[in-house]
Asker: 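Take this structure first; my questions come after.
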Amino acid sequence: MNVLIVGGGGREHAIAMSVAKSKKVTKIYCAPGNAGIAQIAECVPIGAMEFDALAAFAKEEEIDLAIVGMDDPLVGGLVDVFEANGIRAFGPKANAAILEGSKAFSKDLMKKYHIPTAAYETFDDADAALAYLETARMPIVLKADGLALGKGVLICNTLEEAKAGVKTIMLDKQFGSAGNHMVVEEFMTGREVSVLSFVDGKTIKTMTSAQDHKRAGDGDTGLNTGGMGTFSPSPFYTKEIDAICQETIYRPTVAAMAAEGRPFKGVIFFGLMLTADGPKVLEYNARFGDPEAQVVLPRMENDIIEVMEACIDGTLDQVDLRFTDNAAVCVVLASDGYPVHYEKGKVMTGFEAFDGKDDYFCFHAGTKATDEGIVTNGGRVVGITATGADLKEARAKAYKATEWIDFEGKYMRHDIGAAILEA
Ligand code: AMP
Ligand code: GLY
């Protein structure tokens, strides 16, 4: 099989590595890819939003399966374009990717189908939002409606902060047109857990759990980022909680999408809060998480191509999804100044230390191959993942491996998975 992966981050590197293990695959292409993906796939310089060029390339190279990993092209309808051109594609169509693309849509869906989530109101008018906030309980959460690189969420502790937040989102449009509509929701407390799942339109099979660390600094300080590190599994995601989620969240979500005439095929990522009132949905994503994929996929035992084909064909009920009984930790090495301002083009060293080790992974996110060698090319540069018998061992190994890679301005969080070990 010829496979085309669309995207070029750490998640796509993790997907490419899983795809490379499949016996069914002869050739992997990645558009646009990065320096790490280039070691296992042929990277082609086509951007993820260049739909016509991607479809033309897929026809030309006789691609048997296209895998779309990123939110923007999914929400924009890349899977629809591939299908219209006769190319099999893994991922939701635009009418289902809206589950991630619009927070107002997903909140209304949860309300209509009684799926537990924070209480909320939606606004398309700043004055109405401001009037509502006057009498609302603080803290409160403001969310720009559309995609905002995971940054369109403001947690406001006081009325003043909330008013300033309305200005940021709806008037100053700091998150662009995502701020034309805004969701205001109840602040929930509890432990967060991410659960990824494969879905074929009617059947859902969940993967092992994971947890992200979204803030830039140690101790959950600093700005929100795309994710600074993950671990899997989450010890707080017990069998009992899983049973509740299957019953009240996962199956109802898939059934709701089907009932709305928007059958979801692909990956649903459930961002959950384990509250005192039970598990509730924080957010849905319509794709693998980044860097959740970097700790979940190395633990998956199935042939990923077989699972993806079952999602497309509607035969997921026949798949026995299996994960190794171990743990994984991913620590992101970022460029100093991320997520605001950072430099690119710093020469990187130490990659050879990962050669020949099947329990250590260096997933490239923002890297580029140049004549001087591999250089940094983004805020999140690489995700260093290690697997181990348990979280403690995986964590120690991952942090040891962060020392192998070096570049000017390298920074990371030092507490990925630390709170779990203390608890
Ligand atoms: P989201 O992009 O919706 O996952 O939001 C980003 C982060 O904001 C989440 O991972 C949570 O830590 C936090 N968050 C979002 N919604 C809420 C909420 N209703 N209550 C408390 N924290 C929230
Ligand atoms: N790590 C969070 C996300 O992929 O949205």
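Counting starts at 1 for both ligands and their atoms, following the listed order. The first residue of the sequence shown is numbered 1, and numbering continues consecutively from there.
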Asker: Angle between ring planes, Tyr399 versus His414, binned at 30° and 60°: parallel, tilted or perpendicular?
Answerer: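 Answer is parallel, since the angle falls under 30°.
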Asker: Could you tell me whether ligand 2 has any atom less than 4.0 Å away from a heavy atom of Arg11?
Answerer: no
Asker: When you measure from atom 19 (N) of ligand 1 to each heavy atom in Glu185, Glu283, Met188, which option holds the nearest one?
Answerer: Glu185
Asker: Does an N or O anywhere in Asp290 fall below 3.5 Å from an N or O of ligand 2?
Answerer: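 Yes - when backbone and side-chain N and O of Asp290 are compared with those of ligand 2, one distance drops under 3.5 Å.
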Asker: Would Gly227 count as a contact of ligand 2 if the rule is a heavy atom under 4.0 Å away?
Answerer: no
Asker: Under 30°, 30 to 60°, or over 60°: which ring-plane class applies to Phe363 and His13, parallel, tilted or perpendicular?
Answerer: perpendicular
Asker: If you measure from each non-hydrogen atom of Glu100 to ligand 2, which part falls under 4.0 Å: side chain, backbone, both or neither?
Answerer: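 For Glu100, there is no contact with ligand 2 at all, from either part.
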Asker: Step by step, would you call Phe270 with Tyr250 a ring pair (Phe, Tyr, Trp, His ring centres under 6.0 Å)?
Answerer: CA-CA 8 Å; Phe270 297 87; Tyr250 307 148; 4.6 Å; yes
Asker: Which ligand 1 atoms does Met273 reach within 4.0 Å, using its non-hydrogen atoms?
Answerer: 21 (C), 22 (N)
Asker: How about Phe123 and Tyr132: are their ring centres within less than 6.0 Å of each other?
Answerer: yes
Asker: For ligand 2, which atoms sit closer than 4.0 Å to a heavy atom of Gly226?
Answerer: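 Within the 4.0 Å cut-off of Gly226, ligand 2 contributes 1 (N), 2 (C).
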Asker: Report yes or no: is the cationic atom of Lys265 (NZ for Lys, CZ for Arg) under 6.0 Å from the centre of the six-membered ring of Phe90, at an angle within 45° of the ring normal?
Answerer: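 Judged by the rule (NZ or CZ under 6.0 Å from the ring centre, within 45° of its axis), Lys265 is not positioned above Phe90.
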Asker: Check if Gly271 has a non-hydrogen atom at a distance under 4.0 Å from any atom of ligand 2.
Answerer: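 False for this residue.
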Asker: For the residue pair Tyr113 / Asp108, report whether a side-chain donor-acceptor contact shorter than 3.5 Å exists.
Answerer: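 Their side chains do not contain a donor-acceptor pair, so the 3.5 Å distance test is not met.
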Asker: Go through ligand 2 atom by atom and flag the ones less than 4.0 Å from a non-hydrogen atom of Asn285.
Answerer: 5 (O)
Asker: So if I count the atoms of ligand 2 from 1 in the order they appear, which ones are less than 4.0 Å from some heavy atom of Gly289?
Answerer: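 This gives 4 (O) as the contact atoms.
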Asker: Indicate, as side chain, backbone, both or neither, the part of Glu186 found under 4.0 angstrom from ligand 1 when only non-hydrogen atoms are considered.
Answerer: backbone
Asker: Quick one: do the Asp242 and Tyr237 side chains pair a donor with an acceptor below 3.5 Å?
Answerer: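 The criterion, which ignores hydrogens and geometry beyond distance, is satisfied for Tyr237 and Asp242.
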Asker: What part of Asn224 sits under 4.0 Å from ligand 1 if we count only heavy atoms: the side chain, the backbone, both or neither?
Answerer: neither
Asker: Below 3.5 angstrom, do we get any N/O pair linking Glu292 and ligand 2?
Answerer: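 Between Glu292 and ligand 2 (N or O atoms, distance only) the closest approach is under 3.5 Å.
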Asker: Would Tyr29 and Phe57 count as a ring pair (Phe, Tyr, Trp, His ring centres under 6.0 Å) if you check the C-alpha gap in whole Å, the side-chain angles of each, and the deciding distance to 0.1 Å?
Answerer: CA-CA 10 Å; Tyr29 297 92; Phe57 175 84; 5.2 Å; yes
